[in-house]
Amino acid sequence: MKARVILLLCVTVMSGALWMGATVPDLGYPLPPDPLPLQVPAGWPKPLPQVFAKNKPTEQGFQLGKKLFYDQRLSKNGQVSCANCHQQFAAFATFDHDLSHGLNDVLGKRNAPALMNLAWMPNLHWDGGINHLEVQPLHPLTAPDEMGESLDSIILKIKSDTSYTKMFRAAFGDAQINTQRMLRALTQFTGHLVSANSKYDKVQRGEASFTEYEKRGYELYKANCAACHPEPLFTDNSFRNNGLSLNRFHDIGRQAITGKPSDSLAFKVPTLRNVQMSYPYMHDGRFYSLYHVIDHYRSGIDTTQPTLDPQLKNRIQMTTKQRNELVYFLYTLTDSSFIKNPRFSPGNAVLVPGPDMHKAGMK
Amino acid sequence: MTANKLTLQNIFRGFLFLAAMLSLAQTLVAQDTGMVNLHFIHEANGKGLVLHDSVYTNRAGETYSIKKLQYYLGHFRIGGTGSMPEGDAYFLVKQPYVEEAKPLELKLPAGTYTSLGFTLGIDSIDHCSGAQSGALDPINNMFWTWNSGYVIFKMEGNSPSSPSDLGRIEHHIGGYKAGEDVAQTIIMNASKENPIRVLKGRVTDIFIRVNLDAYWDGIQQIRISENPLCMSPGPLAQKIAANFPAMFSLADIKNPK
């Protein structure tokens with residue numbers, strides 16, 4: 001017993017010394033990965049604490065997450081990556097597709113949403129079925145109509161690729177590869193997809209000004225849309241029924257998760273940021289243009305639905321001219337620096353030297 | 001990266017570390033521990049469970065066979081002291097097919113105990129704080145990917161009474177939100193004559209009978225003809241889970257001599 005205690009003490013002292021030495025590179029001890037804290041745009045609420053609670057982002061983790069996001073080998077047939085359905089130039093929605101296409105071009109039942117500002121989103125997916133960003137990828141990775149692969153095979157494939165081994169070590173300190181680390185790396189990438197540099201943002205920061213049209217559109221937005229799509233995120237992330245008819249898949253939305261009849265046809269309010277790029281619109285991509293969307297609010301809302309959001313029971317009164325002004329405003333939410341940001345683009349997921357590589361003099 | 005400096009932060013770290021070490025050493029010296037091996041014996045109709053091949057009957061005369069049986073246990077407690085064994089918080093117990101069942105190993109403080117308890121299920125916090133590892137790794141296929149949450153008890157099989165496709169029985173029991181919680185606390189008492197004895201450095205074997213008859217006919221009657229499938233949280237999952245505690249009992253305790 002005593003011998004074991006002493007041994008344990010020695011081991012702990014040694015690892016403690018290593019730990020303290022982590023800030024002392026000139027002694028030749030390994031460097032920790034470079035912290036990459038989420039930048040919170042001015043005037044925004046704090047991101048949700050749970051998103052990165054156990055997964056402090058680092059540059060190395062972000063790069064690994066990016067590689068995973070763009071890696072088609074994670075799918076069963078080696079042809080579908082996250083980015084097949086989440087394309088950067090479409091603000092990470094699927095460009096011009098009402099429904100998403102997965103493995104062997106099997107059609108899904110929902111529209112792939114644009115991905116941005118996810119660190120502020122408590123529940124993911126149109127019905128809010130996903131309770132944490134880290135566990136979200138489990139659905140597309142394994143769903144037969146998305147990437148259709150088993151977690152066992154995915155981990156095997158990753159383990160057999162030495163470039164991954166290096167990146168896992170750089171991000172997490174050792175080469176152990178498991179689902180938790182894979183999911184955390186993906187979260188570091190998707191959680192960093194922040195869009196906050198549109199013309200609208202520049203106007204808020206006093207760096208640009210709206211045209212007359214845009215200004216009137218902004219007022220129309222504040223009067224008619226902001227209740228559910230409030231600034232600065234342009235969503236309150238709540239679940240509501242905005243009066244769309246039940247679709248051919250009998251998609252009842254939130255009710256499938258909560259079991260409550262009062263949640264029938266409620267879907268998550270999507271952000272309006274980059275909405276110009278993320279068409280088609282709504283959970284099943286039924287509208288191809290913003291004009292159709294606003295016309296739905298003006299005249300298409302099914303006011304007989306018992307779960308219709310009360311704010312929409314008289315529909316939204318707006319002239320055609322006002323509709324067009326509103327669309328001009330929505331265009332100001334397009335953030336081209338986000339859509340073109342090379343940090344988020346494929347092809348240059350770089351291996352940033354991490355702990356062991358410094359030691360091995362690989363920098 | 002800042003260079004080698006005796007910063008306040010480093011000194012503080014040193015102190016913290018020393019304190020942690022001292023308390024660790026203390027607990028190690030103060031507590032003698034022994035091993036407890038828990039053996040789970042799955043039974044139905046008084047016979048040991050054999051996957052796939054054997055046929056069993058519930059009280060309504062519905063016959064069935066079982067292909068898969070696995071569930072999560074955690075928060076082990078002994079003797080009503082509430083003390084927890086060291087190590088992993090959760091274990092995934094599986095009925096093996098051909099391979100030999102591995103006992104579940106706990107390290108417990110030495111002593112004499114009159115009861116053994118655990119939770120069949122997973123704390124709600126562990127359902128909603130992101131990706132987990134170990135027994136809770138989603139690679140174990142006990143996680144709903146479309147409605148985040150763990151399946152805490154999974155039973156799959158077949159029955160001619162099942163109206164479902166190919167006579168399937170698929171019971172995936174889970175649910176952690178308020179009003180949907182399925183986790184059950186299970187306490188099993190040992191007899192006064194043969195309590196659980198944990199001796200320093202020795203192994204105690206405890207055999208736990210898990211009786212599937214009580215799964216169908218416990219506090220609640222579960223009928224294959226009516227409920228061949230249970231694939232999401234809700235009232236049915238809760239009704240089935242209410243039968244869990246009655247399934248578990250202490251079959252035998254082999255204390256070290």
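These numbers were taken from a predicted model, which means no experiment stands behind them. Reckoned from all heavy atoms, side chains included, excluding hydrogens, waters and symmetry mates. Each chain gets a letter, A, B and so on, in the order the sequences are listed, and its residues count up from 1.
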So what's closer than 4.5 Å to chain B heavy atoms on [X]: side chain, backbone, both or neither?
X        : answer
A:Leu183 : side chain
A:Thr142 : side chain
A:Thr258 : backbone
A:Ala143 : neither
A:Leu141 : neither

Heavy-atom pairs under 4.5 Å with chain B, option from A:Thr187, A:Leu124, A:Asp152 with the top count: A:Asp152
Max heavy-atom pair count under 4.5 Å with chain B, selected residue of A:Asn131, A:Leu151, A:Ile155: A:Asn131
Stepwise side chain to side chain donor-acceptor pair (under 3.5 Å) test for B:Asp126 and B:Tyr72: CA-CA 12 Å; B:Asp126 295 315; B:Tyr72 278 112; over 6 Å; no
Any B:Arg197 side-chain heavy atom under 4.5 Å of B:Tyr113 side chain: no
Candidate pair B:Ile173 and B:Phe244, rule side-chain contact (heavy atoms from CB on, under 4.5 Å), full reasoning: CA-CA 11 Å; B:Ile173 313 302; B:Phe244 292 157; 4.1 Å; yes
Closest non-hydrogen atom pair, B:Trp144 against B:Tyr150: CZ3-O, 3.8 Å
B:Tyr90 and its side chain to side chain contact (heavy atoms under 4.5 Å, CB included) partner, picked from B:Thr119, B:Leu73, B:Ile152, B:Asp123: B:Asp123
